[in-house]
Amino acid sequence: MELEDLKRAWDELNERVTRNELLTQQMILDMLTKRKEGHLGYFNRMHKMGILLVIMITFAGIYSLCVRTPLLNLILLFSIIGIQYVNFTISHIKLRRIVKSEQDMMLQIQRIMEYKRWMNWVYLIGYLSIVPMFFLVIPAVFTRWPLWGQILFVLMILSGVAFDYFQYHRSSDKLKDLSEAIRELKELRGEE
């Protein structure tokens, strides 16, 4: 009688442990999935903010047309707008490709690496396109603007560069964490 009770108790305990392991594994999978979705949501928000920025720069360009800004400055301004529009369009397409490759984890990691390479090129091209305009605007700023306007201009440039620096590193960290979350999900799901 004792042997049967002991065996029944053992089987019941074994079943409880198995259920707890499955529940714990499911909780870990849910947590990693939420982490991955959170990072993808971050990049979606960044793209929306970038598009808003391009729209604001476009309005600044339209205003510049109204106040008779020199033609070269207008050409540079609208070329920057065009470059940024192409950047956000291609980045959005690459981000959608990451989301659509949900089932194939290795493909998703490859697409994240493509996105990272694209992001590096965008920063390089973006700064190379802004530098000529910056040097064309500086003489006008320091000869025609009042002192408070000059100080405000310098502060805006410095704050923009600092924001870009921190944003670039934060985005890089988010991409790295996203790749790690996908790798961990792949390992937990037992994919090759």
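Cluster annotation: L147 and L155 are assigned to the same hydrophobic cluster (Ile/Leu/Val/Met/Phe/Trp/Tyr, side-chain heavy-atom contacts under 4.5 Å, transitive). In the hydrophobic cluster analysis, where Ile, Leu, Val, Met, Phe, Trp and Tyr join through side-chain heavy atoms closer than 4.5 angstrom, I182 is grouped apart from L107. One hydrophobic cluster, built from ILVMFWY side chains closer than 4.5 Å, holds both Y168 and Y42.
The heavy-atom pair separating I112 from S179 by the smallest distance is CG2-OG, 3.4 Å. Of all non-hydrogen atoms in R45 and G38, the two that sit nearest each other are NH2-O, 4.5 Å.
Interatomic distance, Y123 OH to S172 OG, rounded to the nearest 0.5 Å: 8.0 Å. With rounding to the nearest 0.5 Å, the separation of OG in S159 from CG in L152 is 9.0 Å. Distance check, rounded to the nearest 0.5 Å: CG of L175 to CZ of R170 gives 12.0 Å. To the nearest 0.5 angstrom, W118 atom CH2 is 9.5 Å from I93 atom CD1. Residue I109 holds its CD1 atom at 12.5 Å from CD of E114, rounded to the nearest 0.5 Å.
Annotation: side chain of Y165 is in contact with side chain of H169 (closest heavy-atom distance under 4.5 Å). Between E180 and R35 there is a side-chain heavy-atom pair separated by less than 4.5 Å.
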